[in-house]
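All values below were derived from every heavy atom in this structure, side-chain atoms included, with hydrogens, water molecules and symmetry-related copies excluded. All of these numbers come straight from a predicted model, not from anything done at the bench. This chain uses plain numbering: 1 for the first residue, then up along the sequence.
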Amino acid sequence: MKKGTTRPIPIMLLLNIVTCGIYYIYWIYQTSVEIKMCSEREDLNPTIEILLGIITCGLYFKYWYYKYGKIVYKELPLKAGMNNTEDKTMVLVVIDIIIALMWWGGMILRVLLLAIASYNSSDEELIYSFLYIIPSGLIYAVNISSLIMQDKLNNIWKHMQ
(Lines give C-alpha, C1' and ligand atoms only; values in the text may rest on other atoms or scores of the structure.)
Protein backbone atom coordinates (compact mmCIF):
# COMPACT_ATOMS: atom_id res chain seq x y z
CA MET A 1 0.00 0.00 0.00
CA LYS A 2 1.52 3.27 -1.15
CA LYS A 3 0.36 6.64 0.13
CA GLY A 4 -0.31 9.59 -2.12
CA THR A 5 0.84 13.20 -2.25
CA THR A 6 -0.34 15.71 0.30
CA ARG A 7 -1.41 18.82 -1.62
CA PRO A 8 -2.00 22.20 0.04
CA ILE A 9 -5.57 23.35 -0.62
CA PRO A 10 -4.67 27.06 -1.23
CA ILE A 11 -2.05 26.04 -3.81
CA MET A 12 -4.58 23.81 -5.57
CA LEU A 13 -7.07 26.68 -5.63
CA LEU A 14 -4.47 29.03 -7.10
CA LEU A 15 -3.30 26.50 -9.69
CA ASN A 16 -6.88 25.82 -10.79
CA ILE A 17 -7.47 29.54 -11.36
CA VAL A 18 -4.11 30.32 -12.98
CA THR A 19 -4.32 27.37 -15.39
CA CYS A 20 -8.03 28.00 -16.14
CA GLY A 21 -8.94 24.52 -14.96
CA ILE A 22 -6.19 22.53 -16.70
CA TYR A 23 -4.67 21.69 -13.31
CA TYR A 24 -8.05 20.13 -12.42
CA ILE A 25 -7.62 17.52 -15.18
CA TYR A 26 -4.06 16.84 -13.98
CA TRP A 27 -5.36 16.55 -10.41
CA ILE A 28 -8.04 14.02 -11.43
CA TYR A 29 -5.43 11.90 -13.19
CA GLN A 30 -2.86 12.02 -10.38
CA THR A 31 -5.49 11.43 -7.72
CA SER A 32 -6.86 8.46 -9.66
CA VAL A 33 -3.34 6.99 -9.90
CA GLU A 34 -2.71 7.51 -6.16
CA ILE A 35 -6.06 6.03 -5.15
CA LYS A 36 -5.47 3.03 -7.43
CA MET A 37 -2.03 2.42 -5.92
CA CYS A 38 -3.19 2.88 -2.33
CA SER A 39 -6.35 0.81 -2.66
CA GLU A 40 -4.51 -1.85 -4.68
CA ARG A 41 -7.51 -2.15 -6.98
CA GLU A 42 -6.90 -3.34 -10.52
CA ASP A 43 -10.32 -2.28 -11.80
CA LEU A 44 -9.36 1.44 -11.77
CA ASN A 45 -7.90 3.00 -14.92
CA PRO A 46 -6.86 6.68 -14.56
CA THR A 47 -6.23 7.18 -18.29
CA ILE A 48 -9.73 5.99 -19.20
CA GLU A 49 -11.18 8.23 -16.46
CA ILE A 50 -9.55 11.32 -18.03
CA LEU A 51 -10.52 10.37 -21.58
CA LEU A 52 -14.15 9.80 -20.58
CA GLY A 53 -14.18 13.11 -18.70
CA ILE A 54 -12.82 15.03 -21.70
CA ILE A 55 -15.02 13.27 -24.26
CA THR A 56 -18.15 13.98 -22.21
CA CYS A 57 -17.15 17.64 -21.61
CA GLY A 58 -16.80 17.01 -17.88
CA LEU A 59 -20.05 15.12 -17.32
CA TYR A 60 -18.20 11.89 -16.51
CA PHE A 61 -16.36 13.66 -13.69
CA LYS A 62 -19.64 13.80 -11.76
CA TYR A 63 -19.66 10.01 -11.78
CA TRP A 64 -15.91 10.01 -11.04
CA TYR A 65 -16.62 11.81 -7.75
CA TYR A 66 -19.13 9.13 -6.85
CA LYS A 67 -16.90 6.20 -7.85
CA TYR A 68 -13.70 7.48 -6.27
CA GLY A 69 -15.50 9.19 -3.41
CA LYS A 70 -16.74 5.82 -2.17
CA ILE A 71 -13.16 4.55 -2.19
CA VAL A 72 -11.79 7.67 -0.47
CA TYR A 73 -14.46 7.79 2.24
CA LYS A 74 -15.04 4.06 2.82
CA GLU A 75 -12.04 1.94 1.77
CA LEU A 76 -8.94 4.08 2.27
CA PRO A 77 -9.72 5.18 5.85
CA LEU A 78 -9.93 1.52 6.88
CA LYS A 79 -6.55 0.82 5.29
CA ALA A 80 -5.11 3.81 7.18
CA GLY A 81 -6.67 2.69 10.48
CA MET A 82 -9.15 5.57 10.54
CA ASN A 83 -12.89 5.80 11.16
CA ASN A 84 -14.82 5.51 7.90
CA THR A 85 -18.25 6.71 9.07
CA GLU A 86 -17.88 10.11 7.36
CA ASP A 87 -19.06 9.87 3.76
CA LYS A 88 -19.26 13.09 1.75
CA THR A 89 -19.47 11.31 -1.61
CA MET A 90 -22.94 12.60 -2.47
CA VAL A 91 -21.99 16.09 -1.29
CA LEU A 92 -19.09 16.06 -3.77
CA VAL A 93 -21.36 14.94 -6.61
CA VAL A 94 -24.11 17.46 -5.81
CA ILE A 95 -21.65 20.37 -5.49
CA ASP A 96 -20.04 19.42 -8.80
CA ILE A 97 -23.43 19.23 -10.53
CA ILE A 98 -24.58 22.58 -9.08
CA ILE A 99 -21.37 24.30 -10.18
CA ALA A 100 -21.67 22.82 -13.68
CA LEU A 101 -25.30 23.96 -13.94
CA MET A 102 -24.36 27.45 -12.74
CA TRP A 103 -21.54 27.66 -15.27
CA TRP A 104 -23.49 26.33 -18.25
CA GLY A 105 -26.55 28.40 -17.30
CA GLY A 106 -24.40 31.50 -16.97
CA MET A 107 -22.75 30.83 -20.33
CA ILE A 108 -26.10 30.38 -22.09
CA LEU A 109 -27.46 33.55 -20.49
CA ARG A 110 -24.36 35.54 -21.44
CA VAL A 111 -24.42 34.29 -25.03
CA LEU A 112 -28.09 35.26 -25.30
CA LEU A 113 -27.36 38.69 -23.85
CA LEU A 114 -24.42 39.04 -26.23
CA ALA A 115 -26.66 38.16 -29.18
CA ILE A 116 -29.24 40.73 -28.08
CA ALA A 117 -26.55 43.35 -27.52
CA SER A 118 -25.05 42.74 -30.95
CA TYR A 119 -28.21 44.05 -32.61
CA ASN A 120 -28.17 47.31 -30.67
CA SER A 121 -24.51 48.23 -30.24
CA SER A 122 -21.28 49.19 -31.94
CA ASP A 123 -18.32 46.86 -32.38
CA GLU A 124 -16.56 48.30 -29.32
CA GLU A 125 -19.57 47.63 -27.10
CA LEU A 126 -19.86 44.14 -28.57
CA ILE A 127 -16.26 43.33 -27.63
CA TYR A 128 -16.85 44.71 -24.14
CA SER A 129 -19.98 42.56 -23.79
CA PHE A 130 -18.04 39.49 -24.95
CA LEU A 131 -15.53 39.97 -22.13
CA TYR A 132 -18.31 39.20 -19.63
CA ILE A 133 -18.24 35.57 -20.79
CA ILE A 134 -14.62 34.99 -19.69
CA PRO A 135 -14.92 35.48 -15.88
CA SER A 136 -17.74 32.94 -15.68
CA GLY A 137 -15.17 30.19 -16.20
CA LEU A 138 -13.56 30.92 -12.84
CA ILE A 139 -16.42 29.32 -10.91
CA TYR A 140 -15.84 26.11 -12.85
CA ALA A 141 -12.03 26.31 -12.61
CA VAL A 142 -12.08 26.55 -8.81
CA ASN A 143 -13.94 23.23 -8.40
CA ILE A 144 -14.86 23.00 -4.76
CA SER A 145 -15.42 19.23 -4.88
CA SER A 146 -11.76 18.60 -5.69
CA LEU A 147 -10.69 20.73 -2.71
CA ILE A 148 -12.99 18.81 -0.34
CA MET A 149 -11.78 15.45 -1.62
CA GLN A 150 -8.13 16.48 -1.45
CA ASP A 151 -8.61 17.59 2.14
CA LYS A 152 -9.87 14.09 3.01
CA LEU A 153 -6.99 12.52 1.08
CA ASN A 154 -4.49 14.75 2.89
CA ASN A 155 -5.86 13.44 6.21
CA ILE A 156 -5.60 9.85 5.01
CA TRP A 157 -2.03 10.32 3.73
CA LYS A 158 -0.97 11.94 7.03
CA HIS A 159 -2.52 9.07 8.97
CA MET A 160 -0.53 6.53 6.94
CA GLN A 161 2.85 7.94 8.05
Side-chain angles (χ1 to χ4, degrees), residues 2-80 82-114 132-159:
K2 184 179 176 185
K3 73 177 196 141
T5 306
T6 301
R7 294 178 179 87
I9 304 302
I11 300 296
M12 280 182 60
L13 181 65
L14 183 64
L15 284 171
N16 275 327
I17 292 170
V18 169
T19 64
C20 298
I22 294 172
Y23 177 77
Y24 174 66
I25 303 236
Y26 168 79
W27 177 83
I28 292 252
Y29 178 77
Q30 280 304 119
T31 302
S32 298
V33 168
E34 291 169 4
I35 291 171
K36 177 180 179 170
M37 293 171 98
C38 186
S39 67
E40 299 171 340
R41 290 179 55 165
E42 293 300 319
D43 61 327
L44 302 177
N45 189 333
T47 305
I48 296 296
E49 307 289 352
I50 292 299
L51 289 175
L52 287 171
I54 292 170
I55 289 169
T56 62
C57 298
L59 290 176
Y60 180 78
F61 293 140
K62 282 61 178 145
Y63 173 70
W64 182 90
Y65 278 110
Y66 179 78
K67 179 180 177 181
Y68 281 79
K70 288 295 181 190
I71 297 168
V72 167
Y73 284 96
K74 291 295 180 185
E75 291 180 32
L76 294 185
L78 287 177
K79 286 188 177 254
M82 298 169 62
N83 184 355
N84 74 340
T85 57
E86 174 194 40
D87 188 358
K88 292 184 181 175
T89 302
M90 289 312 294
V91 171
L92 298 175
V93 173
V94 169
I95 287 172
D96 207 49
I97 289 171
I98 289 171
I99 288 174
L101 289 174
M102 287 171 54
W103 188 77
W104 283 107
M107 285 296 287
I108 291 168
L109 180 66
R110 285 183 172 96
V111 168
L112 288 174
L113 292 174
L114 180 62
Y132 281 113
I133 293 175
I134 296 168
S136 69
L138 287 178
I139 191 170
Y140 202 62
V142 168
N143 204 294
I144 298 164
S145 296
S146 65
L147 303 177
I148 295 169
M149 184 181 269
Q150 186 62 51
D151 185 52
K152 179 65 175 179
L153 285 168
N154 287 345
N155 289 333
I156 292 169
W157 305 148
K158 285 177 190 173
H159 225 77

Any donor-acceptor pair under 3.5 Å linking the side chain of [X] with the backbone of [Y]?
{"X": "Lys62", "Y": "Ile97", "result": "no"}
{"X": "Ser32", "Y": "Pro46", "result": "no"}
{"X": "Asn84", "Y": "Leu76", "result": "no"}

Hey, could you give me the [atom1]/[atom2] distance between [X] and [Y], rounded to the nearest 0.5 Å?
{"X": "Asp151", "Y": "Ser146", "atom1": "CG", "atom2": "OG", "result": "11.5 Å"}
{"X": "Gln150", "Y": "Thr6", "atom1": "CD", "atom2": "OG1", "result": "7.5 Å"}
{"X": "Glu49", "Y": "Ile54", "atom1": "CD", "atom2": "CD1", "result": "12.0 Å"}
{"X": "Ile35", "Y": "Glu75", "atom1": "CD1", "atom2": "CD", "result": "10.0 Å"}

Nearest non-hydrogen partners of [X] and [Y], listed with the distance:
{"X": "Ile50", "Y": "Ile25", "result": "CD1-O, 3.4 Å"}
{"X": "Cys38", "Y": "Trp157", "result": "SG-CZ3, 3.6 Å"}
{"X": "Leu92", "Y": "Ser145", "result": "O-OG, 2.8 Å"}
{"X": "Lys152", "Y": "Val72", "result": "CG-CG1, 3.6 Å"}
{"X": "Ile71", "Y": "Ser39", "result": "CG2-CB, 4.1 Å"}

Legend entry - Set of ring-ring contact (aromatic ring centres under 6.0 Å, His included) partners for Tyr66, sequence neighbours left out: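 With neighbours one apart ignored, the set is empty.
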Inset, instruction - Return the set of residues passing ring-ring contact (aromatic ring centres under 6.0 Å, His included) with Trp64 (not counting sequence neighbours), or none when no residue passes. - result: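 Listed in chain order: Trp27, Tyr68.
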Inset, instruction - Tell me, with the steps shown, if Lys74 and Thr89 meet side-chain contact (heavy atoms from CB on, under 4.5 Å). - result: CA-CA 10 Å; Lys74 291 295 180 185; Thr89 302; over 6 Å; no
Student check: side-chain heavy atoms of [X] and [Y] closer than 4.5 Å:
{"X": "Pro77", "Y": "Ile156", "value": "yes"}
{"X": "Lys158", "Y": "Lys3", "value": "no"}
{"X": "Tyr60", "Y": "Ile55", "value": "no"}
{"X": "Leu153", "Y": "Met149", "value": "yes"}

Inset, instruction - Answer with yes or no whether the side chains of Asp96 and Asn143 bring together a donor and an acceptor at under 3.5 Å. - result: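 Their side chains do contain a donor-acceptor pair, which is all the 3.5 Å distance test asks for.
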Inset, instruction - For Thr5 and Glu34, test the side chains for any donor-to-acceptor distance below 3.5 angstrom and give the result as yes or no. - result: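 Side chains of Thr5 and Glu34: pair found under 3.5 Å.
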Legend entry - Residues that Lys70 engages under side chain to side chain donor-acceptor pair (under 3.5 Å), provided they are two or more places apart: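 Listed in chain order: Asp87.
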Legend entry - Steps toward ring pair (Phe, Tyr, Trp, His ring centres under 6.0 Å) verdict (Tyr26, Tyr29): CA-CA 5 Å; Tyr26 168 79; Tyr29 178 77; 7.7 Å; no
Inset, instruction - Only counting residues at least two apart or in another chain, list the ones meeting side chain to side chain contact (heavy atoms under 4.5 Å, CB included) with Ile48. - result: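 Asn45, Leu52.
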Inset, instruction - Could you list the residues that satisfy side chain to side chain contact (heavy atoms under 4.5 Å, CB included) with Val91, not counting sequence neighbours? - result: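 With sequence neighbours excluded, Val91 shows a side chain to side chain contact (heavy atoms under 4.5 Å, CB included) to Lys88, Ile95, given in chain and number order.
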Inset, instruction - Sorted by first residue and then second, give each salt bridge (Lys or Arg N to Asp or Glu O under 4.0 Å) pair with at least one member in residues 9-20; sequence neighbours left out. - result: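 Found none.
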Inset, instruction - Fit a plane to each ring of Tyr24 and Tyr65, take the angle between them on a 0 to 90° scale, and name the class: parallel (under 30°), tilted (30 to 60°) or perpendicular (over 60°). - result: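 Correct class here is parallel.
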